[in-house]
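Notes for the one structure printed next.
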2 protein chains.
Amino acid sequence: MPESQELKEHGLKATFPRVKILEILESSSVHHLSAEDVYKRLIANEFEIGLATVYRVLTQFEAAGLVIRHHFDEGHSVFELATDKHHDHMVCVRCGKVAEFHDDQIEARQRQIAANLGFELTDHNLNLYGLCARCQAR
Amino acid sequence: MPESQELKEHGLKATFPRVKILEILESSSVHHLSAEDVYKRLIANEFEIGLATVYRVLTQFEAAGLVIRHHFDEGHSVFELATDKHHDHMVCVRCGKVAEFHDDQIEARQRQIAANLGFELTDHNLNLYGLCARCQAR
DNA sequence: CCCTTAATGAAGATTATTTTCACAGTCGTC
DNA sequence: GACGACTGTGAAAATAATCTTCATTAAGGG
């Protein structure tokens, strides 16, 4: 499925910058990229683009439900392609590596806690921080 | 116990700005304040201070273990006095009300997950979002 | 009190992100 | 396939949060 079609299905014109950015997101082995990361990869791929456009497009992708924006404790946002399944994140505070996980027990407990507090749970955000195996070994 | 003594016990000189900022944090009914919030309260209390000093002092307080800095998905940091007990937050997406909670089962699960992923867990951040009882009734 | 050293304030520097605005590109229409 | 309306883009300037620089001032020990 070409990116251009995917964009149109989400109500976005298939412009060159948008297609390229989507390609970068889909082809990256690292699932969480900052706007700057995306920008640098585009430039490295000989694609001329402005950083402002990257920010703009990523924000549009988020609004369109194509990507999810995360605010890790790093001072900047990171984006990942929206997948069907929810997951939480474990971030290496040294190299920035991100591992994804999902835990039904925690999810259930969260619902229970929200109910106990009288809240109607609509969303949650769980991030674990620590040193990844490689960084521990250093 | 006067604030000046509390500061000294944490290895910080008891300067006027630091004492005043600590007073603001201790007297506020709202537990989570941004640097800007603290600054505005100081000014409102007729205490002349520079915003840079507020940032500097809050960062020192964090390093000294006097306060904890949270990175909520709002674009700025918020600080709260460090208490003896760790807790997570449940935030009302409509009125901003914050409820604090702690759950040993979730904490244990987090440690387990981090270990499974090969990470050394150093910190975590769990925020639940939803509608508080009052806002649901609207 | 005085002196050494650390702390503060004001302004400028940084970093991340957004907005402005003139110009170029997309896409439905003919 | 060309036309035109309207949207999208790039460059640069604007914002927002936070930090750093540097000259001045204030803590606290002696």
Side-chain angles (χ1 to χ4, degrees), chain A residues 2-24 32-43 45-64 66-79 91 96, chain B residues 2-24 32-43 45-64 66-79:
Chain A
E3 284 78 8
S4 59
Q5 195 178 323
E6 199 170 346
L7 287 169
K8 287 176 184 167
E9 286 170 4
H10 283 268
L12 295 171
K13 269 198 212 172
T15 65
F16 236 78
R18 299 214 263 238
V19 169
K20 285 293 182 184
I21 289 174
L22 190 49
E23 276 178 17
I24 290 292
H32 301 78
L33 298 174
S34 66
E36 188 78 30
D37 290 336
V38 171
Y39 175 69
K40 284 194 287 210
R41 286 172 191 231
L42 288 166
I43 296 300
N45 277 39
E46 332 264 70
F47 184 69
E48 279 304 316
I49 194 172
L51 182 53
T53 300
V54 175
Y55 274 106
R56 196 160 25 205
V57 169
L58 287 173
T59 300
Q60 292 163 343
F61 281 9
E62 183 192 13
L66 265 168
V67 305
I68 293 175
R69 179 197 301 251
H70 295 287
H71 300 85
F72 295 148
D73 292 4
E74 312 170 308
H76 58 249
S77 301
V78 294
F79 301 82
V91 185
Chain B
E3 283 78 8
S4 59
Q5 195 178 321
E6 198 170 346
L7 286 168
K8 286 176 185 168
E9 285 170 5
H10 283 268
L12 296 170
K13 267 198 212 171
T15 65
F16 237 81
R18 297 214 263 239
V19 170
K20 284 293 182 185
I21 289 174
L22 190 49
E23 277 178 14
I24 290 293
H32 301 78
L33 298 174
S34 67
E36 190 75 32
D37 289 335
V38 172
Y39 175 70
K40 283 194 286 210
R41 285 172 192 229
L42 287 166
I43 296 300
N45 279 37
E46 332 267 67
F47 184 68
E48 278 305 315
I49 193 172
L51 183 51
T53 301
V54 175
Y55 274 106
R56 196 160 27 204
V57 169
L58 286 173
T59 300
Q60 292 162 344
F61 281 8
E62 184 191 13
L66 265 167
V67 306
I68 292 176
R69 179 196 302 252
H70 295 286
H71 300 86
F72 290 127
D73 296 3
E74 314 169 307
H76 58 248
S77 302
V78 294
F79 301 82

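A note on names: the letters A, B, ... follow the listed sequences, proteins ahead of strands, and every chain is numbered from 1. What you see below is based on every heavy atom in this structure, not just the backbone, and it leaves out hydrogens, waters and symmetry mates. Just so it is clear, the model here is predicted, and its values are computed rather than measured.
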Problem - Verdict with reasoning, B/L33 to B/R41, per side-chain contact (heavy atoms from CB on, under 4.5 Å) - result: CA-CA 10 Å; B/L33 298 174; B/R41 285 172 192 229; 3.6 Å; yes
Practice task
Kindly indicate, with the supporting measurements, whether the criterion side-chain contact (heavy atoms from CB on, under 4.5 Å) is fulfilled by A/V38 and A/V57.
Solution key: CA-CA 11 Å; A/V38 171; A/V57 169; over 6 Å; no
Completion exercise
With B for base contact, S for sugar-phosphate-only contact and - for none (protein heavy atoms under 4.0 Å), nucleotides 11-25 of chain D reads -B----SBSBB----
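- As a whole-Å value, the separation of A/L12 CG from C/dG25 C1' is 16 Å.
- The two residues A/L42 and A/K20 make their nearest non-hydrogen contact at CD2-CB, 3.8 Å.
- Considering every non-hydrogen atom in both A/I49 and A/P17, the closest pair reads CD1-CB, 3.9 Å.
- When rounded to the nearest whole Å, the span between CD of A/Q60 and C1' of C/dT18 equals 13 Å.
- Mapping B/K8 and A/K13 onto DNA chain D by nearest heavy atom places A/K13 at the nucleotide closer to the 5' end.
- Contact of the A/R69 side chain with the A/T59 side chain is registered, since non-hydrogen atoms from C-beta on lie closer than 4.5 Å.
- The two residues B/L58 and B/A35 make their nearest non-hydrogen contact at CD1-CA, 3.7 Å.
- Counting all heavy atoms, side chain and backbone alike, A/E74 lies closest to A/G96 at OE2-CA, 4.2 Å.
- Closest approach of B/I21 to B/F61, counting heavy atoms only: CG2-CE2, 3.9 Å.
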What N/O pairs connect the protein and nucleotides 12-14 of chain C at under 3.5 Å? Give each pair on its own line.
none

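- What separates CZ of A/F72 from C1' of C/dA16 is a distance of 17 Å, to the nearest Å.
- Residues B/V67 and B/F79 come closest through the heavy atom pair CG2-CD2, 4.0 Å.
- The stretch residues 14-24 of chain B touches DNA chain C through B/T15, B/P17, B/R18, each having a heavy atom under 4.0 angstrom from the strand.
- Remark: C1' of C/dA7 and CG of B/L58 are 15 Å apart, rounded to the nearest angstrom.
- By the 30° and 60° cut-offs, the orientation of the rings of A/F72 relative to A/H32 is tilted.
- The interatomic distance linking B/F47 (CZ) with D/dA26 (P) rounds to 11 Å, in whole Å.
- Partner A/R18 forms a side chain to side chain donor-acceptor pair (under 3.5 Å) with one of A/E23, A/Q60, A/E6, A/H10 and no other, that one being A/Q60.
- Regarding A/D37, its CG atom lies at a distance of 16 Å from the P atom of C/dT15, rounded to whole Å.
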